[in-house]
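Reminder, nothing fancy here: chain letters follow the sequence lines and each chain counts from 1.
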There are 2 protein chains.
Amino acid sequence: MSLSIGGLAKQAGVAIDTVRYYERNGLLAPAGRLASGYRRYGAEELKRLRFIRRAKVLGFTLDDIRSLLALSAERDVARVRAAAQRKLGDIELRITELERIHSGLRTLIDACPGHGRSDACPILNALSQEQDA
Amino acid sequence: MSLSIGGLAKQAGVAIDTVRYYERNGLLAPAGRLASGYRRYGAEELKRLRFIRRAKVLGFTLDDIRSLLALSAERDVARVRAAAQRKLGDIELRITELERIHSGLRTLIDACPGHGRSDACPILNALSQEQDA
DNA sequence: CTTGACTCTGGACCCAGGTCCAGGGTGCAA
DNA sequence: TTGCACCCTGGACCTGGGTCCAGAGTCAAG
């Protein structure tokens with residue numbers, strides 16, 4: 001079984017341009033070529049492309065994924081796990097930050113009657129004036 | 001009291017280039033000028049710039065903020081509140097998404113002993129193989 | 001053999017939100 | 001008057017992750 005770039009992209013659920021972009025950026029090894037110059041792919045490349053797609057879903061950047069692929073090739077389980085843990089930490093940080101924003105906004109909205117004089121609107125006041133928070 | 005662009009930027013805690021960028025992009029009105037062409041600012045502009053900075057902290061995009069400023073000028077409290085509520089919804093969505101990612105990663109990490117054969121590493125397996133999740 | 005679908009390349013462009021630069025003019029203090 | 005900090009402009013550049021394009025070549029069905 002052998003795939004054209006279009007077939008590969010379809011199987012993996014990404015765009016053709018994305019496949020070439022990944023190749024250019026070292027996430028996929030340079031593909032084998034036909035005499036015509038057309039790229040050909042096998043099952044390995046499909047697996048790798050799907051790996052990339054899943055890792056992205058889990059919040060890894062392409063940079064992260066490059067490392068992950070290298071560690072995976074070296075079978076370095078400990079460092080794969082450590083990378084996942086770092087990513088988990090990042091995500092926790094982002095969640096915390098969003099929750100901070102969320103509660104700030106929630107407080108403001110709850111305090112705003114949604115009508116009446118605009119200088120009594122806590123949202124506008126919070127944005128306009130000096131404050132501690 | 002009157003401020004140069006540098007003074008304004010400093011008071012508001014943003015970069016000079018950012019002030020000019022905001023002016024170019026309609027978040028700040030075109031500044032008054034001295035005969036030399038130097039921009040001059042008053043207290044109003046400082047308030048407005050701080051408004052922008054705070055709104056950004058609360059997760060509003062510059063586009064959002066442009067609307068917010070317009071609504072604020074029109075004293076349209078109801079629509080300000082509605083905009084804040086939409087933004088709250090966005091943020092909730094982002095939190096939910098991150099939590100989904102978080103729990104996926106957490107499960108994988110917890111299942112991974114961090115040593116041993118790489119083909120027994122749940123993280124690599126999850127990324128490499130077909131799966132439901 | 002023709003036709004339409006596919007692929008090749010390098011490079012430009014997109015989003016947001018700035019940031020930096022060169023080459024010039026200005027303001028003010030010693 | 002010199003010197004330094006500040007300001008002006010238009011336009012290029014940055015990050016991340018692609019997406020789109022023109023112009024040319026190729027593949028496969030009918």
For this session: Any salt bridge (Lys or Arg N to Asp or Glu O under 4.0 Å) involving residues 118-127 of chain B? Give me the pairs, sequence neighbours left out, ordered by first then second residue.
Result: R117(B)-D119(B)
Exercise. Going by heavy atoms closer than 4.0 Å, what residues in residues 55-72 of chain A are next to DNA chain D?
Worked result: K56(A), T61(A), L62(A)
Exercise. How many Å lie between CG on L27(B) and C1' on dG17(C), as a whole number?
Worked result: 11 Å
For this session: Could you tell me which residues satisfy side-chain contact (heavy atoms from CB on, under 4.5 Å) with S72(B), sequence neighbours excluded, listed by chain and number?
Result: L124(A)
Problem set entry | All side-chain contact (heavy atoms from CB on, under 4.5 Å) counterparts of I91(A), not counting sequence neighbours | K87(A), R94(A), I95(A), L98(B), I101(B), H102(B), L105(B)
For this session: Give a yes or no on whether R79(B) atom CZ has more than 12 heavy-atom contacts from other residues, nucleotides or ligands under 6.0 Å away.
Result: no
Exercise. For the pair made of CD in E23(B) and P in dT19(C), what is the distance, rounded to whole Å?
Worked result: 17 Å
Exercise. Using a cut-off of less than 4.0 Å, is there contact between a side-chain N or O of S36(A) and OP1 or OP2 of dG25(D)?
Worked result: no
Exercise. Under 4.0 Å between a Lys/Arg side-chain N and an Asp/Glu carboxylate O for R86(B) and D90(B)?
Worked result: no
Problem set entry | R39(A) side chain near dT7(C) phosphate (N/O to OP1/OP2, under 4.0 Å) | no
For this session: Could I get the full list of side chain to side chain donor-acceptor pair (under 3.5 Å) partners for T107(B), not counting sequence neighbours?
Result: none
Exercise. How many angstroms lie between atom CD1 of I123(A) and atom CG of L58(B), to the nearest 0.5 angstrom?
Worked result: 9.5 Å
Exercise. Which residues pass the salt bridge (Lys or Arg N to Asp or Glu O under 4.0 Å) test with R100(A), sequence neighbours left out?
Worked result: E97(A)
Problem set entry | OP1 or OP2 of dT9(D) under 4.0 Å from side-chain N/O of R33(B) | yes
Between the protein and nucleotides 22-24 of chain D, which nitrogen or oxygen pairs are less than 3.5 angstrom apart?
none

Exercise. Can you find a heavy atom in the side chain of R106(A) that is under 4.5 Å from one in the side chain of E92(B)?
Worked result: yes
Exercise. Taking C-beta and beyond as the side chain, do Y41(A) and L46(A) meet within less than 4.5 Å on heavy atoms?
Worked result: no
Do any side-chain atoms of residues 26-37 of chain A form donor-acceptor pairs under 3.5 angstrom with protein atoms, and if so which ones, sequence neighbours left out?
from: R33(A); atom 1: NH1; to: G37(A); atom 2: O; distance (Å): 2.8
from: S36(A); atom 1: OG; to: Y38(A); atom 2: N; distance (Å): 3.3

For this session: Measure the distance from OH on Y41(B) to C1' on dC7(D) and round it to the nearest whole Å.
Result: 11 Å
Hey, what are the protein-to-nucleotides 2-6 of chain D N/O distances that come in under 3.5 Å?
from: dC6(D); atom 1: O2; to: Y38(B); atom 2: OH; distance (Å): 3.3

Seminar exercise, completed: Sorted by chain and number, sequence neighbours left out, side chain to side chain donor-acceptor pair (under 3.5 Å) with D63(B) holds for R66(B)
Would you give me the side-chain donor-acceptor pairs under 3.5 Å for residues 8-23 of chain A, sequence neighbours excluded?
from: D17(A); atom 1: OD1; to: R20(A); atom 2: NH2; distance (Å): 3.4
from: E23(A); atom 1: OE1; to: R39(A); atom 2: NE; distance (Å): 3.0

For this session: Would you mind reading off the distance between L49(A) atom CG and dG17(D) atom P, rounded to a whole angstrom?
Result: 15 Å
Exercise. At under 4.0 Å, does any side-chain N or O of Y22(B) touch on OP1 or OP2 of dG17(C)?
Worked result: no
Exercise. If you look at every strand shown and take non-hydrogen atoms under 4.0 Å, does R40(B) touch a base, only sugar-phosphate, or nothing?
Worked result: nothing
At a cut-off of 3.5 Å, list every protein nitrogen or oxygen paired with a nitrogen or oxygen from nucleotides 19-21 of chain D, distance to 0.1 Å.
from: dT19(D); atom 1: OP2; to: T18(A); atom 2: OG1; distance (Å): 2.8

